[in-house]
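Computed from a predicted model, the values in this text were never measured in an experiment.
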Amino acid sequence: MLGPELVVVLGLAIALTAGIADRIRVAPPVLLLVFGAALAFVPQFADVELPADAVLLLFLPALLYWESLTTSLREIRKNLRGIVLMGTLLVVVTAGAVAVLLHLLGLPWGPAWVLGAAVAPTDATAVGVLTKMLPRRNVTVLRAESLVNDGTTLVVYGIAVAVTVGTQELTFWGVSGMLVLSYVGGVAAGLAAAWVGTLVLRRVDTVVLENLVTLLVPFGAFLAAEAIGASGVLAVVAAGIVVSQVGPKLDRAETRQQVRAFWSFLTFLLNGALFVLVGIEAMVAARALTPPELLRATGIVLAVAVVLVVVRFAFLNAAGGTVWLVTRRTGGAPREGHRDRLVSGFAGFRGAVSLAMAVAVPRMLESGADFPDRDLIVFVTAGVVVVTIVGQALVLPAVLRRAALPEDESVGEERRFAERTAIEEALDALPRLARSTGADRATVERVRKDYEAHLDVIQAREEDDDEHPALQRHDSAVALELALVQHKAATLLRLRDSDEIDDLVLRQVRAGYDAEEARLGGITPA
């Protein structure tokens, strides 16, 4: 009964949030949570319950797969030491510190560890959205940390839930075995899923099937890992990194265009829907608490948020000091300075992964009793997400001014280098390719002039000369071509409206015009 209504409401919430967030200068995740909390007052939505397994299977593979596909493997290798430390040791220390705090505040150890694990990981999606002003290296380190620590924290979370529910005994060898199986099995499952996916991609030649394979890889990796008791999150991340390196060598341009559009839209919808649904659950949980319990839960939110920042800063500075001592003796140089640590300390946003874990907490123990403090776990997790996003996002601009990180010109420089090198090698290969394709001399000369003009434009951009004649000619030509394509598209619509061509013809011809317009729009100066 609620299926269609819930889908429509989720879509409206995401659309409204995307439309007004920038205007009122509020982070979209916060608005989505507030929207969900407001929906909980509507009787039809007051009893919405998300199945625990469905939350983890539906949301996490898609969100984490796209993040792993779009991160930089080269930057990960360069900063592997810090990423591993922050993605493994820091998340365990954070979960432990929060668990100790919560136990001191009266929670049993089981729910305390569950809540500590839920709020321990930073969120790759939130980092990507809220830290666009950072240099590439800093963003890559933060996103890679988020991808790695999701796997670690879900292992801690799984152990805490299993022990609390009563399906697992807390022993050294039991925990050690679960950790080894989670990491080794998760990575192995991810590599296997990526290998199977690439094998299939080599053998299919239909764009729809290629897109279907890219959709199945993360979910197949997640399910395979979960089937053997390993970390599905690590499997998804491993598969995504492998596919990001191998996929561009196998698929076609049309497939890559559709994959980018599909995954961008899918993760946008899933991330937004998760925040709204958790907003509903958080409000339902809040209504289940008595006023004194609600006041106590609000205090716990603030206390946990403070502990998260303090622990992160303490760990970063302790790790930085240790690395400095080691590199001082060995003669190396640490990659991170105090300015990087200052920014990283305030960029530990929590988001979708924390919310998914909170909602995925089972409602009953093995004995049939209610899971202790489940409503408190959901409410506090949602509150911590809001506080970290709002508080740290407000502080981050001032921190960036204080840190005065150098501007990152490397992306623009590498892009110009890549374009220049590709064009130069294409010009060198032009005579040979002209002979193999049978192109006449006039066609070859026309193509050569176009490529040489493009080289002149790249040279002008490298010199940062906006008044360069080549750049002005290029911008004028692009604007003219774009206007002509749009005029051709308008002509097509007029022919269709006057019943001179069919809708099928309109779609076929317009598809080529759309690709041309997108290409021209991509090279138009911002």
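Of the possible donor and acceptor atoms, one in the side chain of T267 sits under 3.5 Å from a partner among the backbone N and O of W263. A donor-acceptor pair under 3.5 Å is formed between the side chain of S354 and the backbone N or O of A118.
Between N149 and T152, the side chains place no donor N or O within less than 3.5 Å of an acceptor N or O (distance only, hydrogens not considered). For the residue pair S146/T122, the side-chain donor-acceptor check at 3.5 Å is satisfied.
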Check the pair L69, Y65 against side-chain contact (heavy atoms from CB on, under 4.5 Å), reporting the backbone distance first and the verdict last.
CA-CA 6 Å; L69 279 180; Y65 186 66; 3.5 Å; yes
Set out, in order, the CA-CA distance, both residues' side-chain angles and the distance that settles side chain to side chain donor-acceptor pair (under 3.5 Å) for T443 and D440, then state yes or no.
CA-CA 5 Å; T443 301; D440 58 35; 2.7 Å; yes
Is there a side-chain contact (heavy atoms from CB on, under 4.5 Å) between V237 and E67? Walk through the geometry before answering.
CA-CA 8 Å; V237 172; E67 290 298 329; over 6 Å; no
Report the C-alpha distance between R350 and I389 in whole Å, list the side-chain angles of each, state the deciding distance to 0.1 Å, and finish with yes or no for side-chain contact (heavy atoms from CB on, under 4.5 Å).
CA-CA 7 Å; R350 270 63 183 176; I389 289 177; over 6 Å; no
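With salt bridges taken as basic N to acidic carboxylate O contacts below 4.0 Å, one links R363 and E281.
Summarising the geometry, atom CG belonging to L492 is positioned 10.5 Å from atom NE2 belonging to H487; distances are rounded to the nearest 0.5 Å. Atoms CG and CG, on L427 and L433 in that order, are 10.5 Å from each other to the nearest 0.5 Å. Within the model, atoms CG of L10 and CG of L277 stand 5.0 Å from one another, a figure rounded to the nearest 0.5 Å. One finds the CZ atom of R510 at 12.0 Å from the CD atom of E516 (value rounded to the nearest 0.5 Å). Note: L270 CG to F275 CZ = 12.5 Å, rounded to the nearest 0.5 Å. Between the CZ atom in R420 and the CD atom in E425 there is a gap of 11.5 Å [rounded to 0.5 Å].
Annotation: Y183, atom OH; neighbour count of heavy atoms from other residues, nucleotides and ligands within 6.0 Å is above 12. Counting non-hydrogen atoms of neighbouring residues, nucleotides and ligands closer than 6.0 angstrom, the CG atom of D499 reaches no more than 12 such neighbours.
Cation-pi check for R287 over F41 is met; the charged atom lies under 6.0 angstrom from the ring centroid and within 45 degrees of its normal.
Of all heavy-atom pairs between A193 and A221, the closest is CB-CB, 3.6 Å.
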